[in-house]
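What follows is a set of notes on a single structure, which appears directly below.
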Amino acid sequence: MSENGPDRFEIPNDMRSMADASFDQARKAFEKFLTGAQATAGSIEERGATVRAGAKDITAKAMTYAEKNVQASLDYAQSLLNAKDLTQVMRLHAEFVQSQMRSLAEQASEMGQIVGRAAMDAAKPKV
């Protein structure tokens with residue numbers, strides 16, 4: 001039997017070269033894909049840290065506002081207990097409502113700025 005008999009399969013050199021080149025291209029493409037995937041994963045982790053930092057700032061500010069608002073309500077209740085007549089109660093109530101409206105407007109504005117900054121930081125491309 002000859003070396004090129006029916007049991008032996010030989011790939012022509014041109015086809016082998018083409019297959020080798022295709023395999024090399026596939027390997028390089030896969031390596032690029034992995035590199036890109038790793039970079040994306042790192043970017044997502046960094047953005048996650050940025051988002052967590054922003055959420056932490058928002059939570060801290062919300063807690064500060066809650067404490068301030070509860071304290072204002074307690075002070076208001078205390079002042080009502082010391083009111084001498086209905087006229088004073090009405091005046092204290094009007095002052096409290098006006099003060100709280102101003103405070104809530106300021107808090108909403110500040111919270112909007114914090115949320116906006118956090119969103120901008122999260123959307124910034126990482127270099």
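Every heavy atom of this structure was used, including side-chain atoms; hydrogens, water molecules and symmetry mates were not. Note that the structure is a prediction, hence the values are computed from the model and not measured.
Separating the NZ atom in Lys68 from the CE atom in Met63 is a distance of 15.5 Å, to the nearest 0.5 Å. Within the model, atoms CD of Gln98 and NE2 of His93 stand 10.0 Å from one another, a figure rounded to the nearest 0.5 Å.
Using a 4.5 Å heavy-atom cutoff, the side chains of Arg117 and Ile114 are in contact. Side-chain contact between Leu104 and Gln107 is present, with at least one heavy-atom pair separated by less than 4.5 Å.
Each of Asn82, Asp75, Leu74 was checked for a side-chain contact (heavy atoms from CB on, under 4.5 Å) with Gln78, and the lone residue meeting it is Asn82.
Sequence neighbours left out, the pairs with a member in residues 92-111 that pass salt bridge (charged side-chain N to carboxylate O under 4.0 Å, His left out) are Lys61-Glu110, Arg91-Glu95.
Phe96 and Tyr76 have parallel rings, their planes meeting at less than 30° on a 0 to 90° scale where 60° marks the start of perpendicular.
Remark: the backbone N or O of Ala105 is not paired with any side-chain donor or acceptor of Ser109 at under 3.5 angstrom. A donor-acceptor contact shorter than 3.5 Å links the side chain of Ser73 to the backbone of Asn69.
Nearest heavy-atom pair, Val89 versus Ala83, reported as atom, atom and distance to 0.1 Å: CG2-CB, 3.6 Å.
Taking a 6.0 Å sphere around CE of Met111, one finds it holds more than 12 heavy atoms contributed by other residues, nucleotides or ligands.
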